[in-house]
Each structure stands twice: as structure tokens, then as C-alpha cells.
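When a residue number appears, it is its place in the shown sequence, counting from 1. Order of appearance sets the numbers: ligands from 1, and atoms from 1 within every ligand.
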Amino acid sequence: MPRIEDLLQNNRAWRDQTERDRPGFFQNLASQQEPRFLWIGCADSRVPANQIIGLDPGMVFVHRNVANLVVHSDLNCLAVLDYAVNVLRIQDIIVCGHYGCGGVTAALQPGSGRIVDHWIRHVRDIAKFYRSEVEAEPTAAAQIRRLCELNVAVQVVHVRESPVLQAAAERNVRVHGWIYDVADGLLRDLTPTVDALRAIEPACRIAPPDAAGR
Ligand SMILES: [Zn+2]
């Protein structure tokens with residue numbers, strides 16, 4: 001297991017190697033940030049965004065939290081979304097969940113009484129809403145996998161329904177739902193599943209600019 005001191009040495013070695021391979025790499029990065037993608041993923045240490053999609057620093061804007069949630073009132077996530085869409089002008093947003101997610105697994109078990117339970121409650125609500133779909137799976141492991149997928153789908157809908165995305169509707173920002181398997185290192189595209197869920201609920205629509213007096 002590496003010690004904390006090793007990390008700084010690792011950094012120096014990585015930086016020197018990168019600079020040898022691509023002279024001027026960091027100088028170029030320092031002058032601009034133009035990522036093509038926004039990644040909303042789980043905080044799980046086994047799902048490092050850049051690494052699993054093979055992208056260098058500077059190419060993906062990243063937001064991560066426990067169970068890759070997009071909560072309507074989470075200012076942290078909403079600020080990332082706003083900056084990504086309206087300042088960085090990103091056209092592709094990836095919501096990526098993963099099988100074996102501890103946050104999703106916890107949502108199918110009794111609460112611990114810890115602070116994290118309040119966060120996981122959002123996943124419990126999804127489990128409750130899609131109970132028949134989850135319980136149709138034959139084993140506990142399959143039920144967790146299904147809830148991992150449904151969680152991704154719901155978070156994609158949350159991004160699409162967000163006022164940030166609705167206000168940018170004419171730009172046709174694409175929102176993708178992916179799931180990563182920590183057991184084989186592969187990503188799978190769940191977007192067709194998400195598309196089958198539903199369009200923006202009327203109750204979640206923001207008023208068009210004219211009606212809102214803007
Ligand atoms: Zn997770």
C-alpha cells in the first residue's frame with residue numbers, strides 16, 4: 001500500500017514522464033480549459049473518470065458523488081452543470097453508474113442511521129418507485145444490478161429535466177446514461193433504456209422565456 005509521501009513522488013515521476021513524452025503539455029493546458037465532455041459519476045475509487053475512458057487531463061469535466069446522483073437541490077452538482085453547459089459549452093453529458101455500487105446496495109438494506117443515509121434516501125425512493133421491476137429479478141445480486149441501472153436512468157432524466165438543460169434546449173445537449181462494471185472494466189450504454197423511461201414531466205417543465213417575462 002503506498003504511503004502519503006509516495007504520492008508526491010509519484011506525481012513528480014508522472015509529470016516528468018508526461019513532459020518527456022509530450023513537451024509543453026502542461027504549458028498548453030495552463031492556458032485553456034476546453035473539455036468536450038461532462039462526467040457525472042460515483043465517488044467510488046474504482047471508477048476514475050479519465051482513466052476508464054482513456055482521456056488526458058483537460059478533456060473531461062468531472063463531478064462525482066456517492067451513487068452518481070443528480071439531486072434537484074444539490075447546488076454543487078447544479079453549479080457544475082451550469083458551468084459545463086453555459087460556460088464550457090459542453091455538448092455531451094455522461095451520467096455513469098457502476099455495478100457493485102455501495103450506495104445503491106445500501107439503498108436495498110436497512111439504514112445505518114449515519115449521515116450518508118440521508119443521501120442514499122434518494123436511491124431508496126427510486127427503489128420504491130420501481131419496486132416491481134427490481135423485485136422481478138431472481139436474486140439479491142441481480143436486484144442490486146437492476147437498481148444500479150435504474151438509478152442511472154433516473155439521474156439522466158434529472159439532468160434532462162433540470163432548468164439548466166431546458167433553458168439550453170435549442171443547443172441539443174446530449175445526455176448519455178452509461179454503466180461501468182468494476183469486475184470487467186467495461187462500460188455499457190444504457191441510453192436506450194433511459195429513453196424508454198419518459199420525456200420531461202409537465203410538472204417539471206420550466207416556463208418558456210416569454211411566459212416567464214424574461
Ligand atoms: Zn458507487
Side-chain angles (χ1 to χ4, degrees), residues 1-2 7 35 37-55 57 59-81 84 90 92-131 133-162 175-194 197:
M1 215 41 183
L7 306 186
F37 310 99
L38 166 63
W39 176 278
I40 300 175
C42 184
D44 193 300
S45 63
R46 299 165 297 177
V47 196
N50 285 63
Q51 210 167 347
I52 64 177
I53 50 179
L55 292 184
M59 299 181 78
V60 58
F61 199 56
V62 174
H63 176 78
R64 293 171 68 181
N65 60 43
V66 173
N68 45 272
L69 300 183
V70 178
V71 174
H72 306 302
S73 57
D74 177 7
L75 270 183
N76 184 352
C77 184
L78 294 176
V80 167
L81 200 53
I90 282 173
D92 287 281
I93 298 171
I94 301 153
V95 176
C96 186
H98 67 103
Y99 295 124
C101 183
V104 172
T105 303
L108 290 173
Q109 296 168 348
S112 65
R114 305 181 68 90
I115 290 290
V116 73
D117 275 346
H118 294 271
W119 186 251
I120 295 304
R121 174 58 203 256
H122 296 293
V123 190
R124 287 190 196 282
D125 287 343
I126 297 168
K128 201 162 66 173
F129 192 84
Y130 292 102
R131 179 178 305 196
E133 257 197 83
V134 172
E135 290 184 349
E137 297 293 338
T139 64
Q143 289 182 2
I144 293 169
R145 286 175 72 89
R146 186 66 187 132
L147 186 54
C148 287
E149 295 167 353
L150 288 165
N151 181 46
V152 169
V154 169
Q155 306 316 319
V156 168
V157 172
H158 287 179
V159 174
R160 289 178 177 168
E161 285 180 348
S162 70
V175 188
H176 313 268
W178 291 357
I179 196 151
Y180 177 75
D181 195 337
V182 292
D184 66 13
L186 292 175
L187 284 163
R188 292 162 179 83
D189 188 1
L190 295 176
T191 309
T193 312
V194 182
L197 268 189

Do Gln155 side-chain atoms and Leu69 backbone N/O form a donor-acceptor pair below 3.5 Å?
-> no
Before accepting this row, confirm whether a basic side-chain N of the pair Asp125/Arg121 lies closer than 4.0 Å to the acidic partner's carboxylate O. yes
For this session: Could you tell me whether the side chain of Leu187 reaches within less than 4.5 Å of the side chain of Cys96, counting heavy atoms only?
Result: yes
Heavy atoms of Tyr99 and Arg145 approach each other most closely as CE1-NH2, 3.5 Å
Counting only protein N, O or S atoms (no waters) closer than 2.8 Å to the Zn ion (ligand 1) gives 3
query = Does Arg160 use its side chain to pair, donor to acceptor, with the backbone of Val175 at less than 3.5 Å?
reply = yes
Within the supplied structure, the quantity of interest is the number of heavy atoms (other residues, nucleotides, ligands) at a distance under 6.0 Å from Leu186 CG; does it exceed 12?
yes
